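The structure appears right after this line, and notes come after that.
Values reported hereafter were calculated over all heavy atoms of this structure, with side chains retained and with hydrogens, waters and symmetry mates removed. Just so it is clear: chains get the letters A, B, ... in the order the sequence lines come, proteins before strands, and each one is counted from 1. A quick note: this is a predicted structure, and the numbers were derived from the prediction, not measured.
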Protein chains: 2
Amino acid sequence: MKTAPKPAARAETGTLGKAVDVLDIVARADTPLRFTDILRLADQPRGTLHRQIANLLEEGLLVLNSDNSYGLGMRLMQLAAKAWSRNDLRLIAAPHLQKLHEATGETVHLGVLRGVDVVYLDKIESRQSVRMVSQIGNTAPAYCTGVGKAALSALPEAELDALVKQIRFRFYTSQTLMDKMALYRHLKEVRERGVAFDRQEHEVGIACVAAPIHLSNGAAGISVTGPSYRLTWQVLASYVEVTRKAAAAIMDDLAAGLAPRS
Amino acid sequence: MKTAPKPAARAETGTLGKAVDVLDIVARADTPLRFTDILRLADQPRGTLHRQIANLLEEGLLVLNSDNSYGLGMRLMQLAAKAWSRNDLRLIAAPHLQKLHEATGETVHLGVLRGVDVVYLDKIESRQSVRMVSQIGNTAPAYCTGVGKAALSALPEAELDALVKQIRFRFYTSQTLMDKMALYRHLKEVRERGVAFDRQEHEVGIACVAAPIHLSNGAAGISVTGPSYRLTWQVLASYVEVTRKAAAAIMDDLAAGLAPRS
DNA sequence: CGAAGGAGTTCCACTATTCGGAACTGTGTT
DNA sequence: AACACAGTTCCGAATAGTGGAACTCCTTCG
């Protein structure tokens, strides 16, 4: 029996899976990785890993820095830029985000659920600091962010259960939900109210209201976010309606214009 | 002899190569592709392609829309966001771009060469100008943009020659360089002056000055860009020095602080 | 209404590709 | 100069990807 105790059962994506594992390792590292570092983290024989990395380099998905450490390649940015510029949800949501921003004067976000995380697809900042990829494309745990909780609340029960099992609850602030029970209870309220609140659960000093967006294959959410000293309960409550309306409008447009080629 | 006339000799990246070919096909398409469309474009047998796409879906690199068309997946954005936020060149260049922006009041760009294209790595917009074509992560032909020509001028001769062979000259404006000869002549001037000018070569009404940045493994460039009615020859000329200085400062910092962990 | 065609999916024998150990080179350290 | 460690290359073995063909499902047309 050569069945070593594989920690997490990998999805069966064969060679491709191994390759993107390497990308993930490089992406997740918080310090530049050299060949041997990657070798330690990926569990693969040297020869194999070496060829894989060579292929990734060749394809521009990885780059070799002058100090022999690896980084993610420009090719990824090219692809992502296309992914972003053509994203239907984002294109359809954009005008509604704009309106929501004008109505509230606060920062608004659009995020989609990917596994247990939310990926921020678009945002309009209150001040004019339009750092494109800076925030956009970034990822945060779904269970402790406004859009994340809104999106989770839009999921069919079975999918939600499957997802919740994978969540690794982590302490961010004293308000962070720390277990399944708390999350389920919270999501029940979210479904009843139609919006999710975030009172400094991910980051101290940040609060938001978020509304869910049901997608055919997943879930997303939009939020109005700002400093908690300004977004008190009352203020947040006063934004509930506009936020919900915006989400509803986006869903309408999604259902209606399936192919809004701009 | 099964050696069918393969048009362009693929790099030997095996299975991975095929996979990213599919991604590229989807990225390049200007209309949503369904399975059979991809089948036509990729030359692979149905069964094979089907499994490859299934893998890409599983890995989140592709998504299947409700109308059975495929799009690029969120995973790419997650990876690209990391690639961007950790990019050394960008981090080092950022303060210098800021200074250059303050000195000129115009939009400034940072781009790196990738093959025959430039990928825009960062930018600081002048005012709240309407969305210019240059989003971060976007790609433009090197031979007809300021940063592109600056970057090309920084390349060792051999590499340049290899690259130029791959360029497909295309008509953008009446000013676009249309052949190798014109490009070589132009690049010679760029090297002599230390900066590249772009007088509406890529887009009518847009002009810029750009300075090259030599990298250990490639080339990049920065530019000051704006509307050509404002950026006359004289104005452009007056920006030459600051632009060159900024590029020089970036190269200094690159050489000095190899690991500026911020 | 039933047939025909097209789109997408599944299957399986074949073989090209990847695997992975080991040996080699090259670089920096004591 | 000798050592140790990082990175690279090689090659037989076998796994994983290939690709033809057959099957199902849906849409379109006679």
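Each of D:dG17, D:dG19, C:dG20 was ranked by its minimum atom distance to the side chain of B:Arg51; first place goes to D:dG17.
Nearer the 5' end of DNA chain D, as judged by each residue's closest nucleotide, is the contact made by A:Thr48, out of A:Thr48 and B:Pro45.
D:dA6 atom P lies 14 Å from atom CD1 of A:Ile53, rounded to whole Å. Put simply, NZ on A:Lys18 is 9 Å from C1' on D:dT15, counting in whole angstrom units. Here D:dG7 presents its C1' atom at 16 Å from CG of A:Leu62, a figure rounded to the nearest Å. B:Leu49 places its CG atom 14 Å from the P atom of C:dT10, with the value rounded to the nearest Å. In this entry the distance linking CG of A:Leu33 with P of D:dG7 reads 11 Å, nearest Å. A:Gln44 places its CD atom 9 Å from the C1' atom of C:dC19, with the value rounded to the nearest Å. A:Asn65 places its CG atom 13 Å from the P atom of D:dG7, with the value rounded to the nearest Å.
A donor-acceptor pair under 3.5 Å links the side-chain atoms of A:Tyr143 to the main chain of A:Arg170, judged by distance alone.
Within the nucleic acid shown, A:Thr15 comes within 4.0 Å of sugar-phosphate atoms alone, with no base atom in reach, counting heavy atoms only.
Within 6.0 Å of CD on B:Glu157 lie no more than 12 heavy atoms contributed by other residues, nucleotides or ligands.
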Protein-nucleotides 6-9 of chain C N/O pairs closer than 3.5 Å?
from  : atom 1 : to      : atom 2 : distance (Å)
C:dG8 : OP2    : B:Thr36 : N      : 3.0
C:dG8 : OP2    : B:Thr36 : OG1    : 2.4
C:dG8 : O6     : B:Arg46 : NH2    : 2.9
C:dT9 : OP2    : B:His50 : NE2    : 2.9
C:dT9 : O5'    : B:His50 : NE2    : 3.3

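A salt bridge links A:Asp37 with A:Arg34; the closest basic N to acidic carboxylate O contact falls under 4.0 Å.
In this structure, B:Lys245 NZ and B:Lys99 NZ are separated by 11.0 Å, a value rounded to the nearest 0.5 Å.
With sequence neighbours excluded, the residues satisfying side chain to side chain contact (heavy atoms under 4.5 Å, CB included) with B:Ala220 are B:Leu89, B:Val112, B:Ile213, B:Leu215.
When only modelled atom types and interatomic distance are considered, A:Thr13 and B:Glu59 share a side-chain donor-acceptor pair under 3.5 Å.
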